[in-house]
Amino acid sequence: MITDVNLRSEFQSRLLNWFETHKRDLPFRKKKPNPYHIFVVEVMLQQTQIKTVIPYYHRWFKTFSTVESLAQAPIDRVLKLWEGLGYYTRARNLHKAAKMIVDEFGGKIPNTVNELMRLPGIGRYTAGAISSIGFGKPAPIVDGNVARVFARLFNVKKDILNSDTQKYFYELAAQLVPEKEPGTFNQALMELGSLVCISEIPKCEICPVRNLCLAYKNKTQLDLPVRKNKTEIKKIEMVVGIIEKNSRILIRKRPPYGIWGGLWEIPGTVRTKGQTPEEALMQEFQEALGLKIKIQKTLPQIVHHLTHRNLMIYPYVCLISEKQKRGQASSVARMPVPVLRSMPKNTRWASQCNLKRFSFPVPHQNILKRCLTQQVVTFR
Ligand code: SF4
């Protein structure tokens, strides 16, 4: 605990002075922050790097300039704008939160941590960031960067992911955050973790708070932070089938929950034990879509990394088996074209032009791009 008031104020002023001259110039760092902008960008930054978020940040406010415009937008439009940013539950929660802000808070972003935490997708860290940066409230925040800085600064040798350690870090953060400029202070703390007290080898030689750092004093900075029980990364194998027919390809909307919920996909499935990828694909097309298919061509595999999962995707170009009976038209992206009988409502035959209207997960976008550039799919 930081009982010495002088040390606390020395830490604050050293950190704030350093931040003033060394902070990165980011579009959402404004003298007068807009709480709606902070709200959106903090959700975008959950599990995503700043450089990835910046183009999305600019695009977002051209389309949804106010929380009302976001609340009124159809979810498909929100997901389309989020396309490529990953973790799509964030976009759906952002949309739900915007509706709640309009319905329950009169269109004004709430400014306290407790009220903010009532919004879907807003945890303690994000609520603290919005409250302190957006509204200037002295709310403490502890993200991964801050936890690492604190572990070293206070020489904490306990697992930083442990809930007791997190609680302790929040107590430290609450003691350190000043009444004046709490948002700037919180950003400075995170910036120190991003630029100086980095995870690999901390740059102690240029650290503005080196004289106050217990890890530096005890030469333990390379041993900290301690992380136990790292979540095991699972390997998942998926298989997808590209079918082109009448200058259109078959796409399917995923259920609104789970991985890539609500996005469109090249139809496919997860390969289970004991199945070859081809068997898994043929079974999925037969059972879920009522289509008998033949594998025409095997495309190169795609590897995609998520936080706790590594996906290996096997794409195939397929043909509908001659034995498959033809039937009536079904729902199609704008223009009706003949399709096969009993196609589920969540499927479409999309032309090349229409494909742009649908949001796809990044690996599916990559497969489609590759198919087009290599003319595996011609849309002719
Ligand atoms: Fe991190 Fe080194 Fe600064 Fe301590 S002195 S806070 S270990 S960069």
Q: Would you say the side chain of R118 lies within less than 4.5 Å of the side chain of F105, judging by non-hydrogen atoms?
A: yes
Q: Given the rule in the side chain to side chain contact (heavy atoms under 4.5 Å, CB included) test, do F64 and L81 qualify, once you have shown the distances and angles that lead to the verdict?
A: CA-CA 10 Å; F64 303 127; L81 213 56; 3.6 Å; yes
Q: Using the side chain to side chain contact (heavy atoms under 4.5 Å, CB included) rule, take F39 and N34 through it: C-alpha gap first, then chi angles, then the decisive distance, then the call.
A: CA-CA 9 Å; F39 165 62; N34 177 326; over 6 Å; no
Q: Atom CE in M282, atom NZ in K294: separation rounded to 0.5 Å?
A: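 Nearest 0.5 Å value for the CE-NZ distance: 11.0 Å.
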Q: With no hydrogens and no angle check, just 3.5 Å: does a side-chain donor-acceptor pair link T48 and R90?
A: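 Judged by distance alone, the side chains do pair up.
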Q: Measure across L94 and W82 and return the closest heavy-atom pair with its distance rounded to 0.1 Å.
A: CD2-CZ3, 3.7 Å
Q: Taking C-beta and beyond as the side chain, do Q46 and T126 meet within less than 4.5 Å on heavy atoms?
A: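 Yes, side chains in contact.
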Q: Can you tell me how far apart CG (L250) and CD1 (I266) are? Round to the nearest 0.5 Å.
A: 10.5 Å
Q: Got a sec, which residues hit side chain to side chain donor-acceptor pair (under 3.5 Å) with Y125, two or more places apart in sequence or on another chain?
A: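 Scan of Y125 (side chain to side chain donor-acceptor pair (under 3.5 Å), adjacent residues dropped) gives E42.
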Q: Are the side chain of S65 and the backbone N or O of K62 linked by a donor-acceptor pair below 3.5 Å?
A: no
Q: Of all residues at least two apart in sequence or in a different chain, which pass the salt bridge (Lys or Arg N to Asp or Glu O under 4.0 Å) check with E10?
A: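 Result, salt bridge (Lys or Arg N to Asp or Glu O under 4.0 Å) vs E10: R14.
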Q: List the steps and the verdict of side chain to side chain contact (heavy atoms under 4.5 Å, CB included) for L311 and V303.
A: CA-CA 6 Å; L311 305 181; V303 180; over 6 Å; no
Q: Does S359 offer a backbone N or O that forms a donor-acceptor pair with the side chain of H364 under 3.5 Å?
A: no
Q: Got a donor-acceptor contact below 3.5 angstrom from the R227 side chain to the L224 backbone?
A: no
Q: Is there a path of hydrophobic side-chain contacts, each under 4.5 Å between heavy atoms of I, L, V, M, F, W or Y residues, that connects I236 with L306?
A: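 Yes; tracing contacts between hydrophobic side chains, which count when under 4.5 Å, links both residues.
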Q: Do E115 and T112 have a side chain donor and acceptor closer than 3.5 Å?
A: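 Present: a donor and an acceptor within the cut-off.
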Q: Once rounded to the nearest 0.5 Å, what's the spacing between atom CG of N114 and atom CZ of R124?
A: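 It comes to 9.5 Å.
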Q: Can you list everything that forms a side chain to side chain donor-acceptor pair (under 3.5 Å) with W260? Sequence neighbours excluded, please.
A: none
Q: Taking the side chain as every heavy atom from C-beta outward, state whether L281 and C318 have any pair of such atoms under 4.5 Å apart.
A: yes
Q: What residue among I259, I313, T269 forms side chain to side chain contact (heavy atoms under 4.5 Å, CB included) with M238?
A: I313
Q: So N155 and T220, side chain to side chain donor-acceptor pair (under 3.5 Å) or not? Walk me through it.
A: CA-CA 7 Å; N155 208 23; T220 53; 2.7 Å; yes
Q: With the 4.5 Å side-chain cut-off for hydrophobic clustering, are Y168 and I141 part of the same group?
A: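 Cluster IDs for Y168 and I141 match.
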Q: State, to 0.1 Å, how close L289 and P267 come at their nearest heavy-atom pair, and which atoms those are.
A: CD1-CB, 3.9 Å
Q: I need the K245 NZ to W349 CH2 distance, nearest 0.5 Å.
A: 6.5 Å
Q: Could you pull out all residues at least two apart from R210 that satisfy side chain to side chain donor-acceptor pair (under 3.5 Å)?
A: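 If we apply the side chain to side chain donor-acceptor pair (under 3.5 Å) test to R210, skipping adjacent residues, there are no hits.
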Q: Under 3.5 Å, is there a donor-acceptor pair between the R357 and N354 side chains?
A: yes
Q: More than 12 foreign heavy atoms under 6.0 Å from NZ of K158: is that the case here?
A: no
Q: Within a 6.0 Å radius of atom CD on E205, are there more than 12 heavy atoms belonging to other residues, nucleotides or ligands?
A: yes
Q: Can you find a heavy atom in the side chain of I75 that is under 4.5 Å from one in the side chain of R92?
A: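 When only atoms from C-beta onward are counted, R92 and I75 do touch, with a gap below 4.5 Å.
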Q: Name all residues meeting the side chain to side chain donor-acceptor pair (under 3.5 Å) criterion together with D76; count only those two or more places apart in sequence or in a different chain, and write none if there are none.
A: K253
Q: Is the shortest heavy-atom distance from the side chain of Q286 to the side chain of L291 under 4.5 Å?
A: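 The answer is no; the side chains never approach within 4.5 Å.
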Q: Specify the closest pair of heavy atoms between V177 and P182, including all atoms of both residues, with the distance to one decimal.
A: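 In this case the closest contact between V177 and P182 is CG2-CB, 3.7 Å.
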Q: Is L85 reachable from I122 through a run of hydrophobic residues whose side-chain heavy atoms are each under 4.5 Å from the next?
A: yes
Q: Would a hydrophobic clustering, with Ile, Leu, Val, Met, Phe, Trp and Tyr connected at side-chain separations under 4.5 Å, put L372 with I251?
A: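 Hydrophobic grouping puts L372 with I251.
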Q: Hey, does I109 have a side-chain heavy atom less than 4.5 Å from the side chain of L116?
A: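 SC-SC contact between L116 and I109 confirmed.
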Q: Check step by step if side chain to side chain contact (heavy atoms under 4.5 Å, CB included) holds for Y316 and K297.
A: CA-CA 6 Å; Y316 293 92; K297 188 174 169 128; over 6 Å; no
Q: Considering non-hydrogen atoms only, spot the tightest contact between G261 and L79 and give its length.
A: O-CD1, 4.4 Å
Q: Decide yes or no for I302 and R370: does some side-chain heavy atom of the first lie under 4.5 Å from some side-chain heavy atom of the second?
A: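 A side-chain contact exists here, since the closest heavy-atom pair is under 4.5 Å.
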Q: Quick one: does any side-chain atom of D159 pair with a main-chain N or O of K228 as donor and acceptor, under 3.5 Å?
A: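 Yes, the answer is positive, given that a donor and an acceptor are paired below the 3.5 Å cut-off.
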Q: Inspect the contact between E83 and K80 and indicate whether a charged nitrogen and a carboxylate oxygen are less than 4.0 angstrom apart.
A: yes
Q: With side chains defined as the heavy atoms from C-beta onward, is the minimum distance between V78 and Y88 less than 4.5 Å?
A: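 A side-chain contact is absent here, since even the closest heavy-atom pair is not under 4.5 Å.
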Q: If Ile, Leu, Val, Met, Phe, Trp and Tyr residues are connected whenever their side-chain heavy atoms lie under 4.5 Å apart, and connections chain through other members, are L70 and M100 in the same group?
A: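 Result: yes, single cluster for both.
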Q: Using 4.0 Å as the upper bound for N to carboxylate O, is an ion pair formed by K99 and E68?
A: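 Here E68 does not pair with K99 in a salt bridge, since their nearest N and O are not under 4.0 Å apart.
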Q: Would you say the ring centers of W60 and Y56 fall short of 6.0 Å from each other?
A: no
Q: Can you label the angle between the H37 ring and the Y57 ring as parallel, tilted or perpendicular, going by 30° and 60°?
A: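 H37 vs Y57 ring planes: perpendicular.
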Q: For residues F185 and F19, establish whether the separation of their ring centroids is below 6.0 Å.
A: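 Centroid distance F185-F19: not below 6.0 Å, so no.
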Q: List, one per line, each side-chain donor-acceptor pair under 3.5 Å for residues 186-198, sequence neighbours excluded.
A:
from : atom 1 : to   : atom 2 : distance (Å)
N186 : ND2    : S132 : OG     : 3.0
N186 : ND2    : A139 : O      : 2.9
Q187 : OE1    : R29  : NE     : 3.1
Q187 : NE2    : G183 : O      : 3.4
E191 : OE1    : R24  : NE     : 3.3
E191 : OE1    : R24  : NH2    : 2.6
E191 : OE1    : R29  : NH2    : 3.1
E191 : OE2    : R24  : N      : 2.8
E191 : OE2    : R24  : NE     : 3.1
E191 : OE2    : R29  : NH1    : 3.0
S194 : OG     : N145 : ND2    : 3.1
S194 : OG     : M190 : O      : 3.2

Q: Please evaluate residues Q166 and S163 with respect to the criterion side chain to side chain donor-acceptor pair (under 3.5 Å), reporting the C-alpha separation (whole Å), side-chain torsions for both, the decisive distance (0.1 Å), and the verdict.
A: CA-CA 5 Å; Q166 284 283 318; S163 57; over 6 Å; no
Q: Please round to the nearest 0.5 Å and tell me the distance separating atom CD of Q301 and atom CD1 of I367.
A: 10.5 Å
Q: Check this for me: K23, atom NZ, are more than 12 non-hydrogen atoms of other residues, nucleotides or ligands nearer than 6.0 Å?
A: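 Enclosed.
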Q: Drop me the distance from I293's CD1 to E284's CD, to the nearest 0.5 angstrom.
A: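 Going from CD1 on I293 over to CD on E284, the span is 9.5 Å.
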